[in-house]
Amino acid sequence: MARRKLVYEGKAKILYEGPEPGTMVQYFKDDATAFNAEKKDVIEGKGVLNNRLSEYFMTGLNGIGVPTHFIKRLNMREQLIRAVEIIPLEVVVRNVAAGSMSKRLGIEEGTKLPRPIIEFYYKDDALGDPLVTEDQILAFNWASHQDLDDMVGLAIRVNDYMSGLMYAVGITLVDFKIEIGRLFDNDFQRLIVADEISPDSCRLWDIETGQKLDKDVFRRDLGSLTDAYTEVAKRLGVMPTNATQITKPTLIN
Ligand code: UDP
């Protein structure tokens, strides 16, 4: 079989050329990184879980009319997506103070915020993805006024959808990060949710116990990351088929 043409390799995923123009194949690796890739490891099965979870969230978002790049899952580690031009901003939505916001503003982790707060970070590994203001975004032409409005609209809808989904299975959606892509359709263009939505890019806390079920388990050495992600998948009824089990061949009579 002809090998797919590699388009881009990131820390946790690889993008290949898709089978048709305007499509790409997104492959989920088992690599985990944190603190701008200073901490690294390979967590067996993480890619399979994130592929399934991202499929689940994006399918739901598409279903309620929030456009995403997701077309269909191809196999355990790959999904077919729409090719987009990624806006060089990470959009973070926070419902509860944690992580960098707690550190920057001295707000204790776990403090409920008065309303969801949206932040933009400029995607640049060399600079450590700095927090940027809307004025900087406009002045440096990373996005237009209209783009910013559309990004905020998408971020709020993703937050409402994901918060409800998680609340129903006893999990608080503390915060999350999304990336947004520009989709070109002849002369027309629109913004859609791209990249991935998974426990790698969300903070998820058990409502009762406060147990962390997200990448902080890896960042802060709190135990097994696959156990945490599997717990999220189980509660949502999304279980990877034979995720890491290898079944022996059986004799067919
Ligand atoms: N996040 C992410 N990728 C990044 C930075 C942050 O997915 O490069 C997510 C992170 O998992 C969390 C949210 O965005 O759910 C807010 O992260 P924060 O700014 O607190 O940064 P952190 O302290 O996690 O580096």
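Computed from a predicted model, the values in this text were never measured in an experiment. In listed order, ligands and their atoms are each counted from 1.
In terms of heavy atoms, Arg235 sits closest to Val169 at NH1-O, 3.0 Å.
Nearest to atom 10 (C) of ligand 1 among the protein's heavy atoms is Arg219 NH2, 3.5 Å. Looking only at heavy atoms of the protein, atom 2 (C) of ligand 1 is closest to Lys177 CE, 3.5 Å. From the protein, the heavy atom lying nearest to atom 23 (O) of ligand 1 is Ser100 N, 3.3 Å. Atom 17 (O) of ligand 1 has its closest protein heavy atom at Arg203 NH1, 3.6 Å.
Within the listing of ligand 1, atoms 8 (O) sit less than 4.0 angstrom from a heavy atom of Asp129. Under a 4.0 Å criterion applied to the non-hydrogen atoms of Gly99, ligand 1 contributes the atoms 20 (O), 23 (O).
Protein non-hydrogen atoms do reach within 4.0 Å of atom 7 (O) of ligand 1.
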Inset, instruction - Might you work through the side-chain hydrogen bond (donor to acceptor under 3.5 Å, both in side chains) test for Tyr121 and Glu119, ending with a clear yes or no? - result: CA-CA 7 Å; Tyr121 292 82; Glu119 297 171 342; 2.7 Å; yes
Legend entry - CA sep, side-chain torsions, deciding dist, call: Gln79, Asn51, side-chain hydrogen bond (donor to acceptor under 3.5 Å, both in side chains): CA-CA 7 Å; Gln79 44 184 247; Asn51 185 24; 2.8 Å; yes
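At most 12 non-hydrogen atoms from other residues, nucleotides or ligands lie less than 6.0 angstrom from NZ of Lys103. Within a 6.0 Å sphere centred on CZ of Phe184, other residues, nucleotides and ligands contribute more than 12 heavy atoms. The number of heavy-atom neighbours closer than 6.0 Å to CZ of Arg220, taken from other residues, nucleotides and ligands shown, is above 12.
Between Arg52 and Glu78 there is no salt bridge, since no side-chain N of the basic residue sits under 4.0 Å from a carboxylate O of the acidic one. Between Asp195 and Lys13 there is a salt bridge, since a side-chain N of the basic residue sits under 4.0 Å from a carboxylate O of the acidic one. Contact check on Arg157 versus Asp160 returns no salt bridge, with no Lys/Arg side-chain nitrogen under 4.0 Å from an Asp/Glu carboxylate oxygen. With respect to the salt-bridge test (charged N to carboxylate O, under 4.0 angstrom), the residues Glu44 and Lys46 do not qualify.
The shortest heavy-atom distance from Glu119 to ligand 1 is not under 4.0 Å. Put simply, part of Glu90 is less than 4.0 Å from ligand 1, judged by heavy atoms. Using a 4.0 Å heavy-atom cutoff, Asp200 is listed among the residues neighbouring ligand 1. At least one heavy atom of Arg94 lies less than 4.0 angstrom from ligand 1. The closest approach between any non-hydrogen atom of Phe35 and ligand 1 is not below 4.0 Å.
Residue contacts with ligand 1: Asp216 is placed with no nitrogen or oxygen under 3.5 Å of a nitrogen or oxygen of the ligand (distance criterion only).
Nearest-heavy-atom check against atom 13 (C) of ligand 1 across Asp214, Ile178, Asp175 picks out Asp175.
Counting heavy atoms under 4.0 Å from ligand 1, residue Ala34 does not touch it at all.
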